[in-house]
Each structure stands twice: as C-alpha cells, then as structure tokens.
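Worksheet: the structure to be examined is printed underneath.
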Amino acid sequence: MSISKTYLPQETEEKWYSYWLKHDFFKSVPDEREPYTVVIPPPNVTGVLHMGHMLNNTIQDVLVRRARMKGKNACWVPGTDHASIATEAKVVAMLKERGISKKDLTREEFLAYAWEWKEKYGGIILDQLKKLGASCDWDRTRFTLEDDLSEAVIDTFIHLYKKGLIYRGVRMVNWDPQGKTAVSDEEVIRKEVNQKLYYIRYKVVSSESEVSSPDYLTIATTRPETIMADAAICINPNDERYFYLHGKKVLIPLINREIPVILDEYVTMDFGTGCLKVTPAHDLNDYELGQKHNLPVIDILNDDGTLNEKAQILVGEDRFAARKKIAALLEADGYLDKIEDYKSQIGFSERTDAVIEPKLSMQWFCKMTEMAQPALDYVLKGEIKLIPDKFTNTYRYWMENVKDWCISRQLWWGQRIPAWYLPNGQFVIAKSKEEAFEEAKTKSHGISIDELVQEEDVVDTWFSAWLWPISVFDGFKDPNNADINYYYPTNDLVTAPEILFFWVARMIMAGHEFRGEAPFKNVYLTGIVRDKLGRKMSKSLGNSPDPLALIEKFGADGVRVGMLLCSPAGNDLMFDESYCEQGRNFANKIWNAFKLVKGWEVDEKLESANAVAIEWFESRFNQALTEIEGNFTQFRLSEALMSTYKLVWDDFCAWYLEMVKPAYQQDVEKQAIDSETYSATVRFFENILKILHPFMPFITEELWHDDLFGARQELDCCIVAQLPKGGQINTRLLDEVEIVKQIITQVRNIRNAKQISPKEKLGLSVKANSQVDYKGYELIITKLANTNALDFVSDKLAQAAGFMVSTDEFYVPLEEKIDPVEECARLQKEKDYLTGFLKAVNSKLGNERFMANAKPEIIEVELKKKADAEAKLNIIEEGLTALAC
RNA sequence: GGGAGUUUAGCUCAGCUGGUUCAGAGCAUCUGCCUUACAAGCAGAGGGUCACUGGUUCGAACCCAGUAACUCCCA
C-alpha cells in the first residue's frame, strides 16, 4: 500500500463496496444468531437521491453495521415504492412530450409505457445508495408493485372486505383535477393564499303585498363560479338583521333558479354578511349542512375542473377562468356588490400542486377506528418506542381522532381494486374474474362472465406500503416461512416524522391485523433536512446539494459523518457543506495517524518506556466505549459519533500518539520503537477502526487490510469484525492524567505568553502538596511540555513563572526577571476568586435549611469544596507573603 | 381557532433525578507556529443577562404561571 499524503476516497470506495458484495457480507439468511432487521422506507421507484435519503440511509446503515459487528445476524431489506400518483404523473408527462395523450391509450397500453419507464429509471436510486455505502442485502430487493406484493395487497383487500372493514360510499374527497384522482388528506398541503371575497346579491322572491324589506340579500364568497350549484342560503336563526328572510326563497343570479333560505346556528353572524350560500357539491361543510337540511346536491364540475352542463352557463370553462368571467357577468347585471381582498387557506395537491377541489364521489374506504385501538396501545404501552418520544402525543391524538381511509385512486399505475360489477349495479369482491363469476351467479341468475366489469380504480399506494415489513418476507403468500418467522418483527424503523401517520401508524395496524404483532420495536424519526437559512431543501428552491456531488467532493465517509454531525434525533437539521468538510478532515486525520504508526520500526533492544501512556489510553478507550454504547442505546447517534471523534482525535492522536511517538532521529527512514509500545498501539488502532467502522466504513476497511495488522484472511474484514468488549477502567489514572495534561498546557501557555520557541527546553520544578506521584508521569511531562527532568523542591522558586494545578505548585525558571507586581496581581486575582468561592460554599454550609434538606452526598461535596479551597488559599497566602505584596 | 414543540456562545447542539471548582462540546473566530503523521494540521486563547417577567425552593438553564418570537400538526 502506497501511502499518499491525504486520504483519497475515490481509490477505496468502489474497491471495497465490490469486495463486500463479492463476499456476501450484506447477505443474510436465518441462522442461530439473534436477528437484527431493518426494512428500508422504500423510496419512489423513479426518484433520485436527495438529502433526506442520505440522512435516513446513513442512520440505517450505521445501525445495521453496528449490529453486524455486535454479532447479530443483520438484515437490511431494500426496495422501492411504485408511488402511484407521482410515477403516473411522470409517465403522463413523458408521454405528452412524445405527443401521446393518456386519454388515447388503453389501460394495458399505458401500463406498458409505465413499466418501460420503471425499468429504465427504477434502479437509479438504489445504485445511488450503494455509493453511500449502504449495506443492504440487495438479493432481497423488493418492489411494491411486483407480483407477490400486489397479490398481498389484493388478498388483504379481500380479507378486510370480508371482515366488513372495507366499504364503498359517497364521500366528499379531496379531488385533484390535474391528476384526476382523489387524494388523501395527508397528501393535501394547505397554504395561505391571497384571494378575493365577492359580495353577491340574490333577489328575494316575494309576494306583491310585502315590499317593506330590501328585495335582495348579499352573500360573501370566494367561489362565485359555484353559485350555480347553490342549494340554499343559510342564516343564523338568531340574526336579527335577517328575521324578514325566514321562510323566504331567493333567486340565484344569472340562472334565476329558486332556492330556499334555511336557518342554522352553524352560520357565523359576523363573518361576511351573515348570509351563507350553501353549495353541498363543492364544499365539505356545506355538504354536511346539506345532508342535515335535505338539500339537493348539484355538481357543476367535471373531473378536470371545468364546468359541466348543470352549471347552465360557462359550460366547458375551467373553474378559475369561470370565476373571472362570472364576476364580470355579475357586475354587468348589477349583482356584484363589491370585491374585497381576503386571505385564506387553500389545499394543494402534494403531487401535482393543483388546487384541491372538494368533490363528492363514489370511493372505497377502509374503516380505521377498530384497527387504530391496538395500534395506539402498542405505542402507549411502550412495546413500540417512538424516538424522540415527543411524537407519542401527536401519535395518540391522531389515533384517537382517526378518520376512515379513502383507499381508491382514479389511476392505472397501482393494484386494481378486486371488485367486479354486475350489470344491475351490484358488485362482488374476488381475487379473479372466475371467482367473481362464481359469486356473481348467486346474486344474478343467468349472468355471463363477460358481463362482469372490474373496478377501474386502483388502491392508494399506502395500501401496499403498510404491508411492507410483512410482504418483503413473503408473510402473506407464505405466512409461516422461515424468513418471516425469523426476521419479523423487525427491530428499528428509521423514517421521517411527516409520514408517521400515513405510513408508520398503518404499518402498526397491519402488523397487528395480519401477524398479531407489532412490525418493529423502535421508530427513529429523523428531522427534515433544511438549508442554512432553515428552508426545507427542495428542487424548486434549488437549495439542495446533489448528494453524489458531495460524495465526490468529500468522500462517502466524509458525507456520512457530515450528515450525522448535524442530526440530533427528531430535530430538523440545518445542513451545510462545512459539516461534510469536517467529516473529510476527520478521515484525513485518521489517515495520517495511520501514516505515523506505519513509519515505525520495532527495535527489540529498546526498553519500553510507555507503560503509563498505554495503560491510560486503555482505560480511556474503555471509558469511551461505555459512553458510546450508552449513546447508541438512546439513539443519540450524533453524540455517539462525537464521542468517537473526540476519542480518536483528542485522546488518541493529540495525546496518546504524542506521548509514545519516538523522538526525532536524524537520517532515519523508519523511527525505532520498542515492541511493547508498538504492539499496544497497533492493537489500539485496530480497535479504533472497529468503533469507527459503522460511521466510516470505507476508510476503516481500507486501513484494516494493511499489513501493519498482519496478514488477513480473505474474509477477515472490518465490516464483520466484532466490536471490542469493554474492560478495566482505572479512574485514578484517568484523573491523574487530566492533571498531567493541565500541567503540560500550563507550560505551553507560559511558552506562548513569553514567546519561547517550542524547541527550547525549559526547567520545571514541582512543590507537591498532594498525593499525586509525579515521578510516574515525568516522561510524559518532559516530552510533551519539552522540559528537563522534574525538579522536586520544597520551597517556592523565585525568578520563575508559577502556576497551580490542584494543590500542587509548579515553577518554570526563566531568565528574564519576573515582575513582582505582575506576580502579585496574578496571585491576588486567584485569591479573590477563591475567597468569593469559599464564601459561597460557607454560606451554604452555614445555612440550617440547606444542612437539613440537602442530600448527604451533596453536603459531602460542599465540605470537600471547602477543604480544597482552603488548602489552595493557604498556599496562595504563603506566596503573597513571600513576595511581600 | 385547537394542540404540540423550540428558544443555552457567531453557527449547530449537549446539559439525563433541581445540587461537583463561577454552564459544556464541535465548528467558526483570534494569536503564535509550514515543529519529520497530518496547514484538510499543531499549540494556545477569547466568547454566555441559559428568550423575557414573576413564582416555588436552602438551591433553578432545569419545576410552575404568564409574555414574546419561531416551527410543526390538526381544523
């Protein structure tokens, strides 16, 4: 291995990913080990990798790799989602470019194009994940629209229908006039929009005798184009202004249709004019009001959002064009009172961005209440943990107020609903036309199979996604197969909080319904990746970096570290390239530490001089191991990474390696080192590679195979190495080394302040008052602070820069005179601080209520504080006296 | 309109049961260094009214009430 000056990711990533694949390290088959299972949240099959995926999959890969290195049988199942609306929209757009309209195609022809599209673009996102280092078992790659998974969808549909949980009904749905399909509430994005409020006069129909009251009323609406669908005008029965309207009828302007005035307290008296036009076909609240008052439903819109013949006027116009035109018509005929600006929330389709139209239509629904209860219980009882747990509240609220799920979509790209209609309008639910025919015969004698017509609609994409943790293991086709029995329930699910409800919650329902068991144990909810300014990264804003370009620039390891550094659990993360830069720099640091060790040559004749340093790092490593383990248990991944980062950079590189590295020898190619230090360092390095591997798989695998670590068997790889087990932690040693570090820092400080070169050796005298045996640390101190051997003294040194660490006094003799005034000031400052500190401690200890209420260990701490401060203060006093300040 | 969350250094965040030597990291900043692993680096330093106001407590970044700003969810 040639050692370049910096780490070059491009040269290693491809090599090792292929190597891992070739040796089936990602592959999992059931065995006697404990399984660790993760199913990927399947990305859209036609999508490309964005920063959200990067974060999500980095986290999954870290968890999976760590589990693998803990001896578990790790299985990460990849796959893609057919994403019916999004994909169909893309296919329609592609066809349009080729001059083909969906309208002119049969279902089969369209699907052929769609599959062609899928084959062409379907694998892209998975290939991108490989660049990131994702250790998925690619042999298990599934697709939500493949035959087996589709069959599972149909079977569950039939199962739920038979159980009475699926029904067909007329409902007000969110209609996307551009996609020409119903979309779920979750796929509607509400945005505040500037609108106009039109005040329109309706003529009151009156008998000739009454002329005392105004002969019209005024309503306010944002949707004048729907007046032709009005079924009534509603007023609040308590509204004194309108008592005269009770029992009256009015005429709809322009078309002069007569509609009644109805009374309902639903109407807010102080909004608009207090008169509400009731349009049951085009507004959810109006629909409910209409049901209550038995009003007719007049739907004046076509599926594409144009007006139909029921509107009588402006037939064929788009709803927005019609709005403008009707305003002009009303104006011309004197029906338009005024127009005001008005802000309100409007729903937009998540997929097509079209304004959602509330529309009554016949749809298929899945009842939720019954399934929601057990799904809620899993979370409330803690059998499924949401991380962070603040989401538990939101989850509960949603599950307690769950609405039936509209599962039909007016699309072709998806699983077609297994309903067959008879000529008489009845339908049967069956897996195949033949089975449907058998059942149809019992309903309608003499029917022929050709008369059966299958439902045109497909099911909502989530109706296949909710089965994912079961269907990827063929749990429907073969409910007792070895895989499902072994891997299910899975362990951790890593996903975005945005889909907690329409995916996670429903998977829990499906898990309970079809397996009687929750589908996973932990749900780790990542934040949304935002840019530095806090804006969500999106294609339209153009603020999302290209993930592959980032990998190109900083290396996959660097990007993985970068993603994790800024990703506290559940909080959004403000992504910035500089995090990846930090990741890259870290990789480079590891690389260079390796270069240092690589440059050593064992000299058997040398005595080991580093026993203390070795024992210290061993303890420090074991301590960090415990911290890291704790962080992982709590899913604090960025903290686990930070602990690892500091262990490697600070403790290993900045302290340990500096302590043990051979002093510079001129004209020597390889630095000589004793065998004990060498083997300990190599062992430490190997352990460091192990704990780094889940975060930085490529560089660690690369270094793992260097002959520094001896000859490796073909299958002896870092990816399957077992994480080091914790060992002894010598806390006294750890504490004392902290003191030693302070001494070194203080000496370096003096150097800095006095502008003395690091190359110049200094003297160092110790007046030890504590129990610390500095003799044992002498080598470390003299080496890192570049001083002569310690001079143990019993008196203060004049003509020296002094400092205190704990209660011990240190002096660095200097040639230049120490300014006694300056020295006095330094001591005085320290004395002032300690006096104040001591005062606070004493007042605490003198407080009866503190002594009565505080826990004994707290009091003990305070007593120790007091003793330490007093001891230190004494020494300072002595110093002050000696200087005669 | 209802609900949830957030607010700690220039930035991103820790701070776990209210109690260790005046609140901690990382990055950024400043100063000095191209010191034979690393300038993608080394050594050192500075930086805080813990959003605000009150309360509880011997003791509050932490508990309670209110206020403000921001974010998200639901209508």
Side-chain angles (χ1 to χ4, degrees), chain A residues 3 5-7 185-186 190 284-285 345 388 390-395 397-398 401 497-498 500-501 527-528 530 532 534 554 558 565-568 570-576 578-579 581-600 630-631 634 636 638-639 641-643 645-646 649-650 653-654 657-658 661-669 671 744-753 755 757-759 784 786 806 833-834 836-838 840-841 843-855 857-862 864-866 868-869 872:
Chain A
I3 304 185
K5 196 172 173 186
T6 51
Y7 169 58
D185 290 345
E186 292 81 4
R190 295 187 170 274
L284 180 58
N285 295 315
Q345 297 266 316
K390 67 177 178 185
F391 287 107
T392 308
N393 263 338
T394 336
Y395 180 81
Y397 181 81
W398 192 76
N401 297 280
E498 305 160 296
L500 177 58
F501 307 133
I528 297 167
R530 297 174 180 280
K532 243 170 129 179
F554 299 109
L565 280 175
C566 60
S567 60
N571 282 347
D572 288 359
L573 51 114
M574 310 297 160
F575 179 81
D576 187 77
S578 63
Y579 290 107
E581 196 181 338
Q582 195 183 344
R584 179 202 59 180
N585 292 354
F586 185 40
N588 196 46
K589 184 73 189 175
I590 298 162
W591 185 257
N592 276 292
F594 182 81
K595 261 176 68 183
L596 173 70
V597 179
K598 185 77 178 158
W600 293 345
N631 286 328
Q634 296 173 76
R636 296 171 175 229
S638 56
E639 284 181 58
L641 172 59
M642 192 42 73
S643 299
Y645 179 92
K646 285 194 276 191
W649 199 309
D650 297 341
C653 295
L657 288 179
E658 292 298 329
K661 81 178 184 191
Y664 168 65
Q665 296 156 281
Q666 215 155 12
D667 301 325
V668 174
E669 200 175 312
Q671 309 289 311
I744 294 162
T745 300
Q746 290 280 17
V747 176
R748 285 170 175 173
N749 240 329
I750 290 167
R751 251 183 227 286
N752 248 340
Q755 306 210 341
S757 156
K759 288 175 184 158
L784 299 195
N786 193 22
S806 153
Y833 162 71
L834 279 169
F837 176 74
L838 194 58
V841 174
S843 83
K844 248 188 197 181
L845 289 167
N847 186 329
E848 275 174 41
R849 299 222 267 178
F850 172 76
M851 298 306 282
N853 293 321
K855 284 179 247 169
E857 56 268 32
I858 300 292
I859 294 175
E860 207 167 302
V861 166
E862 292 299 316
K864 185 172 184 320
K865 281 199 230 171
K866 180 185 156 92
D868 288 352
K872 255 184 144 167

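Residue numbers start from 1 in every chain, and the chains themselves are labelled A, B, ... in the order their sequence lines are given, proteins ahead of strands. Every value quoted in this text rests on a predicted model; they were computed, and no experiment measured them.
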Without decimals, in angstroms, what is the distance between A/Phe501 CZ and B/rA4 P? 14 Å

Taking NZ, NE, NH1 and NH2 as the nitrogens, is one of them in A/Lys872 or A/Asp868 under 4.0 Å from a carboxylate oxygen of the other? no

Mind checking the C1' distance from B/rU8 to B/rA23? Whole angstroms is fine. 8 Å

With C1' as the reference atom in both, quote the distance from B/rU7 to B/rC52 in angstrom, rounded to an integer. 11 Å

Euclidean distance, atom CZ of residue A/Arg636 to atom P of B/rU12 [Å, nearest integer]: 20 Å

For B/rA9 and B/rA75, measure between their P atoms and round to the nearest Å. 36 Å

Please state the C1' separation for the pair B/rA61 and B/rA45 - nearest whole angstrom. 26 Å

In whole angstrom, give the distance that lies between atom NZ of A/Lys759 and atom P of B/rG32. 18 Å

B/rA25 and B/rC50: how far apart are their C1' atoms, nearest whole angstrom? 16 Å

Rounding to an integer number of Å, can you tell me how far A/Lys855 NZ sits from B/rG59 C1'? 12 Å

Would you say a side-chain N or O of A/Lys5 is under 4.0 Å from OP1 or OP2 of B/rA39? yes

Donor-acceptor pair under 3.5 Å, A/Glu658 side chain vs B/rA37 base: yes

Using a cut-off of 4.0 Å on non-hydrogen atoms, how would the nucleic acid contact of A/Tyr833 be classed: base, sugar-phosphate, or nothing? base

Counting side-chain heavy atoms from CB outward, which of B/rA14, B/rC73, B/rG41 is closest to A/Lys589? B/rG41

Using a heavy-atom cut-off of 4.0 Å across all strands, would you classify A/Asn588 as base, sugar-phosphate, or nothing? base

Aromatic ring pairing A/Phe501/A/Trp398, orientation class (parallel under 30°, perpendicular over 60°, tilted between): parallel

Can you check whether A/Arg636's main-chain N or O pairs, donor with acceptor, with A/Asn631's side chain at less than 3.5 Å? no

Do any N or O atoms from the side chain of A/Asn588 and from the backbone of A/Arg584 form a donor-acceptor pair under 3.5 angstrom? no

Rounding to a whole Å, what distance do you find between A/Leu784:CG and B/rU35:P? 18 Å

Hey, does the side chain of A/Asn401 come within less than 4.0 Å of B/rC74's phosphate (OP1/OP2), counting only N and O? no

Between A/Asn393 and A/Glu862, which residue's closest nucleotide on RNA chain B lies nearer the 5′ terminus? A/Asn393

Integer angstrom distance from the C1' of B/rC42 to that of B/rC34: 10 Å

Roughly how many Å is it from NZ in A/Lys844 to C1' in B/rU57, rounded to a whole number? 13 Å

Considering just the side-chain nitrogens and oxygens of A/Ser757, establish if one lies under 4.0 Å of OP1 or OP2 belonging to B/rU35. no

At under 4.0 Å, does any side-chain N or O of A/Trp649 touch on OP1 or OP2 of B/rC42? yes

dist A/Leu784:CG -> A/Thr745:OG1 (nearest 0.5 Å) comes out at 9.5 Å

Suppose you measure atom C1' in B/rU49 against the same atom in B/rA60; what distance do you get, rounded to whole Å? 15 Å

Phosphate OP1/OP2 of B/rA37: any A/Lys661 side-chain N/O under 4.0 Å: yes

Check: B/rC38 base within 3.5 Å donor-acceptor of A/Lys595 side chain: no

Once rounded to the nearest 0.5 Å, what's the spacing between atom CZ of A/Phe554 and atom CG of A/Asn585? 9.0 Å

Using whole Å, what does the distance between atom P of nucleotide B/rC38 and atom OH of A/Tyr645 come to? 18 Å

Tell me the interatomic distance from A/Arg849, atom CZ, to B/rC58, atom P, rounded to whole angstroms. 4 Å

Take A/Asn585 and A/Glu498, find for each the nucleotide of RNA chain B with the closest heavy atom, and name the residue whose nucleotide sits nearer the 5' end. A/Asn585

Just to confirm, is there a sub-4.0 Å distance from OP1 or OP2 of B/rU57 to any side-chain nitrogen or oxygen of A/Asn853? no

Is there a side chain to side chain contact (heavy atoms under 4.5 Å, CB included) between A/Leu596 and A/Gln671 once you walk through the steps? CA-CA 9 Å; A/Leu596 173 70; A/Gln671 309 289 311; over 6 Å; no

Across the strands shown, which category fits A/Arg748 at heavy-atom distances under 4.0 angstrom: base, sugar-phosphate, nothing? sugar-phosphate

Please report the distance separating the P of B/rU53 from the corresponding atom of B/rC62, rounded so that it comes out in whole Å. 13 Å

